[in-house]
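First up is the structure itself, then whatever we jot down about it.
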2 protein chains.
Amino acid sequence: MRPGEIDEIRKLPLFAAMLPENFDALFRGAYVQSFPPQIELIREGDPADFLHVVLESSVELFATWNNRESTMATVAPIATFILAATIKNGPYLMSARTLEKARVILLPSADVRKIFATDTGFAQAIILDLAQCYRSVVKSHKDLKLRTSVERLANYLLRKDQQAGEQGHFDLRIEKRRLASYLGMTAENLSRAIRTLNGYGVEIDGSQVRITDRKDLAAFAKPTPLIDDPKC
Amino acid sequence: MRPGEIDEIRKLPLFAAMLPENFDALFRGAYVQSFPPQIELIREGDPADFLHVVLESSVELFATWNNRESTMATVAPIATFILAATIKNGPYLMSARTLEKARVILLPSADVRKIFATDTGFAQAIILDLAQCYRSVVKSHKDLKLRTSVERLANYLLRKDQQAGEQGHFDLRIEKRRLASYLGMTAENLSRAIRTLNGYGVEIDGSQVRITDRKDLAAFAKPTPLIDDPKC
DNA sequence: TTAGGGTCTTGATAAAGATCAAGCGAGGAA
DNA sequence: TTCCTCGCTTGATCTTTATCAAGACCCTAA
C-alpha cells in the first residue's frame, strides 16, 4: 500500500467508525494487488472469500446467463463492492472485471464478519452502506421497468451532467458498448438513441457530451429524484 | 393486537435478537391498523415515518413514473417492508397498497433508528435483512436484463412450484395483470406467453397451474440459483 | 334473474428493440 | 507510411413487445 493511502481508506464512511484496533486487525490480513486490464477479479457463483476495495482505476460488475451478459454497475475508487455477499457468506451474484490496470485491496470475508459482529460503529456503517446499495438497485430497477431506452439514456446524461457540475459538457468516461449494456440496450440502439436526442439539445462527439438545451432535454427525460438522485 | 401475535412477531429474524426491553419499547409505540382492500398505505416520495409489518393478507409494492406503473414485489405476512427508507430516513422509493383486507403494524421510524443505534443484536439482524433484500433486487434485475418475458414467466412458475413443494400443481395466488406487471410485461403478452409455455409442459386454467413436464420446462427455462434461489 | 363492471383472452396492428451486414475511422504495430 | 484491429455507426430486416379493439367469461349487485 502507498503512503497515505491507508489513511484515505480509514476515512471511508464504511471504515471511519470502526474501533482503531479492529481497523488495524482487518487490514493486517489485507492483500493489495495490481491487476492488468480486462482481468476477471471475481466470477459469479464463487464463494465470497474477500471483500474488495478499489483503489485505482475502475471495475465493472456484470452478470451472465445463458451466454448473455449485462453490465450491472461500475465501481470507481475508492469504494468497496460485494459487501452483501461477504455478509451473507453466500456466492457472488455478479462477476467483476478490471477495465484498466487496477489496484484492489482484498479483505478476507471471515475477518469482516468476525469484526462487524462485535464492533458497533462498523455495524452501523455497514447498515447505512447496505441501505444505500439497496436503494440504488431499486432505482435502477424502476428505471428499467418504467422507461424506454431513449428515456433511460436521456436521464443518464442529465445525471452525469449534474455530477460534473452542470457545466453542460462532460466526458462519458465509459465505452459506448458498456454504456449500452448498462442501460439495457444494444450498442446499435445506443447510437440511434443518441441521434434521437440530437433533437432535444444533446450532441455527442466521441466521448464528449454537450448538452445545448438542458430544459428541452429535461422536458423529454422527466427526471425524478426517486429514480435519478444518487444520494436520495 | 391479537393474543399470541406479539410472540410470533418477536420470533421474526429481524426482532428475535433484540434486547427484550428494546423490543417492548419499540412496540409500545406501535399502531396496529386494519385496512380495506386497494388502499394505498404509503406513497413513493413521502417521508418514511413508519416501518411496516404485514400481519394478515398481503401488500403490493409498486412504483410509478410518468403515468406508468409497475409492480415491484408483493409482501406476505409476517414480514416488514420499507426498512431501508426507515434507516436512511429518506423518502419511500415505492408505494404500497393492500390487495385484500389487511392488518399492518406501524412502527415509528425514529424509534427504530434510535434503538438499532444501541442494540447490537437488532443491528446484526438489520444487516442480514438488508443484505438479503439487496440480493433479491439484484436477482430481479438480472432476471429482467438477461431474460425474455417468456423465460421470466417459465422461471417464475418453476420457483413457485418449488415453493409449493414440487407437487406439479399450485395456485397462482395473484391476479394475472399484476403478475404481468411484476414480470415486466403487459397482461396481453402474459396470456400469449402462457400459450407459448403450453408447448413445454405447462397448463394454466384460471389461477390453477399444472406442470406436466418439469424437465421440458426446466430445459427451456434454464433456472440458476444465482437468479432463482430466494434463499441464496 | 339480468345488467354492469372487471378480468382475461384473442386478433390485428404498431412500436420498440435486436440482429445481421457493411462500412467508417481512430489508433496501434510492423 | 500502410495495414490491421476494434469500436462505432448506419441501413435493412426480423423479433419481441406494446397498443388497440373486440369479445368471452366471471362475479356481484340490483
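Naming: A, B, ... by sequence-line order, numbering from 1 per chain.
A:Arg135 and A:Asp229 are not joined by a salt bridge, as no carboxylate oxygen comes within less than 4.0 angstrom of a charged side-chain nitrogen. Checked for salt-bridge contact, A:Lys160 and A:Asp171 miss the test: no charged N lies under 4.0 Å from a carboxylate O. The residues A:Arg214 and A:Asp161 are annotated as salt-bridged, a charged nitrogen and a carboxylate oxygen being separated by less than 4.0 angstrom. With respect to B:Glu56 and B:Arg103, a salt bridge is recorded, a charged nitrogen being found less than 4.0 Å from a carboxylate O. Under a 4.0 Å N-O distance rule, the pair A:Glu69/B:Lys142 does not qualify as a salt bridge. The pair A:Glu8-A:Lys11 does not meet the salt-bridge criterion, since no charged nitrogen lies less than 4.0 angstrom from a carboxylate oxygen. Residues A:Glu60 and A:Arg97 are paired through a salt bridge, judged by an N-O separation under 4.0 Å between the basic side chain and the carboxylate.
Atom CZ in A:Arg68 sits about 13 Å away from atom C1' in D:dT15, given to the nearest Å. In this structure, B:Gln208 places its CD atom 14 Å from P of D:dC26, rounding to the nearest Å.
Other residues, nucleotides and ligands contribute only 12 or fewer heavy atoms inside 6.0 Å of the CG atom of A:Asp205.
Listed by chain and number, the residues in a salt bridge (charged side-chain N to carboxylate O under 4.0 Å, His left out) with B:Arg68 are A:Glu151 (sequence neighbours excluded).
Aromatic ring orientation, A:Tyr31 versus A:Phe50: perpendicular (interplanar angle above 60°, classes split at 30° and 60°).
Between A:Ser149 and A:Asn189, the closest side-chain pair of non-hydrogen atoms is not below 4.5 Å. Between B:His52 and B:Gln33 the shortest side-chain heavy-atom distance does not fall below 4.5 Å. Side-chain contact between B:Pro77 and B:Leu55 is absent, with no heavy-atom pair separated by less than 4.5 Å. At a threshold of 4.5 Å between non-hydrogen side-chain atoms, the residues A:Ile211 and A:Phe170 count as touching.
Here the range on DNA chain C touched by chain A, meaning any atom under 4.0 Å from one of its heavy atoms, is C:dG17 to C:dC20.
Residues of residues 176-185 of chain A that place a heavy atom closer than 4.0 Å to DNA chain D, in numerical order, are A:Lys176, A:Arg177. A heavy atom closer than 4.0 Å to some atom of DNA chain C occurs in B:Ser191, B:Arg192, B:Arg195, these being the qualifying members of residues 189-205 of chain B. Residues of residues 137-159 of chain B having a heavy atom closer than 4.0 Å to DNA chain D, listed by number: B:Thr148, B:Ser149.
Note on the helix from C:dT1-D:dA30 to C:dA30-D:dT1: angle between the axes of the first and last five pairs equals 20°, rounded to 10 degrees.
If you take CD on B:Glu44 and CG on B:Leu61, they are separated by 11.0 Å, rounding to the nearest 0.5 Å.
Nucleic acid contact for A:Glu188: base, since at least one base atom lies under 4.0 Å from a heavy atom of the residue.
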